[in-house]
Amino acid sequence: MGDGFRLAVPRCPAKKGNFMRDDQWDAMLRLVRGESIMPEPVGLIIDCPWLPGWFGTTILEYLSDDETWLAANLKVMREFPGMWFLPGFWAEYGMSTEPSAFGVRCRFHENDFPHAERVLPSWQEADRITVPDCRTDGLLPFVIKRLQHCRGRIEAAGHRIRFAVSRGPMNIASYLLGQTEFLLGLRSEPERALQLLDKVSRFIVDWLRYQKECFPSIEGVLVLDDLIGFVGPRDFERFACPFLRLVFAALDVPVKMLHNDAHGLITAKYAAQIGFNAFNFSYEHGLGEIRALAGEEVVLVGNIPPRDVLAGGTPEDVARAVQAAKASLTDRRRVLWSAGGGTPPGVTSENLRAFYEAVTACA
């Protein structure tokens, strides 16, 4: 990072120490309660699209080897001790993770994202779907075993397993049928769609509870569902809202985060009814716009453009985007500065440092 950039974004006086994971979690709880956090918090959702490339390995190596997975996660937390990485030590197999329990064929290439092929040829076949057992089915036992194998070293490094994680009901259901067929079926096969979403939601509830059973340190839930951003208000009320409400009621935990970086205005409007208190949404929506819809009680997780700025821009571009986002809000409590979506491939360490410095710079 050039000297000119460092001069352009003055840094606050050094504060004593860096956040360790327990301190970060304490700060997260204070953020949810609406307390002012200084320096303002910076956090990113990280998983297999970004972390393997940044670490210098392939996606398949990252997903298949415990040692590589652990080393990559520990390295990013060592190199950026002031940032929050969410959900933290995410044991996942891309979009194949939860659909694998329903019997989908999972394809893993050396350096491409995992792909889950549809398992249902038509809506007429959806009736045969049963609720999987998350303790035995698909890739889910491997998720749990990875965390169990690595938990000792994770905790020895000062961290904890804090989040139970799952894709959401519409997201998983769309992988069983294919996204186009699934969305069409909301109108052509509404009763079958409701039955399928009920089965998927009961599976998710069991999956989240099982994660908490295995790891009592879990105090948060992260649910990811972009498909909810592809439906209008009427379909959202019927096919998304009741099932998301069921999922978020699965655990009595203080942090309940929803990720939807597709169209999110309808989602934000239903925050209280669904029951989430932190929202990672698309950068195409303004912070003030989401605040007005979601209410004062929801932590806004955003809102820097992930691909065009965080990955494709310069450090100066990142700093300008942060400054513009800050200027859009008069009250910056309950804001976790982040990308407007997950962290995409190609984000450099230089841009991460620029992001952190721009957020934590003196006002």
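Quick caveat, the model's predicted, so the values are computed rather than measured. Any value given below was found using the heavy atoms of this structure, including those in side chains, with hydrogens, waters and symmetry copies removed.
- In this structure Glu40 satisfies the side-chain contact (heavy atoms from CB on, under 4.5 Å) test together with Met38, Lys326, Arg332, Trp337, Val359, sequence neighbours excluded.
- Ring pair Tyr93/Phe108 is perpendicular by interplanar angle, where above 60° counts as perpendicular and below 30° as parallel.
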Could you check Asp252 against Lys212 for salt bridge (charged side-chain N to carboxylate O under 4.0 Å, His left out), going step by step and ending with a plain yes or no? CA-CA 10 Å; Asp252 182 14; Lys212 171 68 171 174; over 6 Å; no

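- Every residue two or more places apart in sequence or in another chain that forms a side-chain contact (heavy atoms from CB on, under 4.5 Å) with Val205 is listed here: Arg209, Leu246, Ala250.
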Arg128 vs Glu125, salt bridge (charged side-chain N to carboxylate O under 4.0 Å, His left out): CA-CA, chis, key distance, verdict: CA-CA 6 Å; Arg128 67 179 175 84; Glu125 295 294 314; 3.1 Å; yes

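- For residues 221-245, every residue pair satisfying the ring-ring contact (aromatic ring centres under 6.0 Å, His included) rule, not counting sequence neighbours, is listed here: Phe236-Tyr270.
- The environment of CZ in Arg118 is crowded: more than 12 heavy-atom neighbours from other residues, nucleotides or ligands sit within 6.0 Å.
- The side chain to side chain donor-acceptor pair (under 3.5 Å) check on Arg192 picks up Asp127, Glu189, with sequence neighbours excluded.
- Salt-bridge annotation for Glu117 and Arg107: present, with a side-chain N of the basic residue lying under 4.0 Å from a carboxylate O of the acidic one.
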Evaluate Arg320 against Asp317 for salt bridge (charged side-chain N to carboxylate O under 4.0 Å, His left out), listing each step before the verdict. CA-CA 5 Å; Arg320 282 191 290 268; Asp317 294 329; 2.6 Å; yes

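- Taking the six-membered ring for Trp and the full ring otherwise, Trp25 and Phe163 have centroids separated by under 6.0 Å.
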Assess the residue pair His259 and Asp226 against the criterion (side-chain contact (heavy atoms from CB on, under 4.5 Å)); give the C-alpha distance rounded to whole Å, side-chain angles, the decisive distance to 0.1 Å, and a yes or no. CA-CA 7 Å; His259 161 93; Asp226 297 333; 3.4 Å; yes

Can you list the steps and then say if Ser349 with Trp54 is a side-chain hydrogen bond (donor to acceptor under 3.5 Å, both in side chains)? CA-CA 8 Å; Ser349 295; Trp54 175 84; 2.8 Å; yes

Can you give me every donor-acceptor pair (side chain of residues 130-147, partner residue at least two apart or in another chain, under 3.5 Å) with its distance?
residue, atom, partner, partner atom, Å
Asp133, OD1, Arg135, N, 2.9
Arg135, NH1, Asp206, OD1, 3.3
Arg135, NH1, Asp206, OD2, 3.0
Arg135, NH2, Asp206, OD1, 3.3
Asp137, OD2, Asp133, N, 2.8
Arg146, NE, Asp66, OD1, 2.6
Arg146, NH1, Leu63, O, 3.0
Arg146, NH2, Leu63, O, 3.1
Arg146, NH2, Asp66, OD1, 2.9

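- The side-chain contact (heavy atoms from CB on, under 4.5 Å) test applied to Pro305 returns Tyr283, Val309, not counting sequence neighbours.
- Separating the CD1 atom in Ile172 from the CG atom in Leu177 is a distance of 13.0 Å, to the nearest 0.5 Å.
- Asn260 and Thr267 share a side-chain donor-acceptor pair at under 3.5 Å.
- Crowding of Arg105 atom CZ: a count of heavy atoms from other residues, nucleotides or ligands under 6.0 Å not exceeding 12.
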Please lay out, stage by stage, how Leu196 and Leu194 fare under the test side-chain contact (heavy atoms from CB on, under 4.5 Å). CA-CA 5 Å; Leu196 179 61; Leu194 289 169; over 6 Å; no

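- No more than 12 heavy atoms of other residues, nucleotides or ligands sit less than 6.0 Å from atom CZ of Arg234.
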For Leu265 and Ile290, run side-chain contact (heavy atoms from CB on, under 4.5 Å): C-alpha distance rounded to whole Å, both residues' side-chain angles, the deciding distance at 0.1 Å, then the answer. CA-CA 7 Å; Leu265 301 183; Ile290 296 295; 3.9 Å; yes

Is there a side-chain hydrogen bond (donor to acceptor under 3.5 Å, both in side chains) between Glu92 and Thr97? Walk through the geometry before answering. CA-CA 6 Å; Glu92 44 92 26; Thr97 308; 4.9 Å; no

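- Taking the six-membered ring for Trp, His115 and His109 have ring centres at least 6.0 Å apart.
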Stepwise, does the salt bridge (charged side-chain N to carboxylate O under 4.0 Å, His left out) test hold for Arg202 with Asp198? CA-CA 6 Å; Arg202 286 190 280 123; Asp198 177 69; 3.0 Å; yes

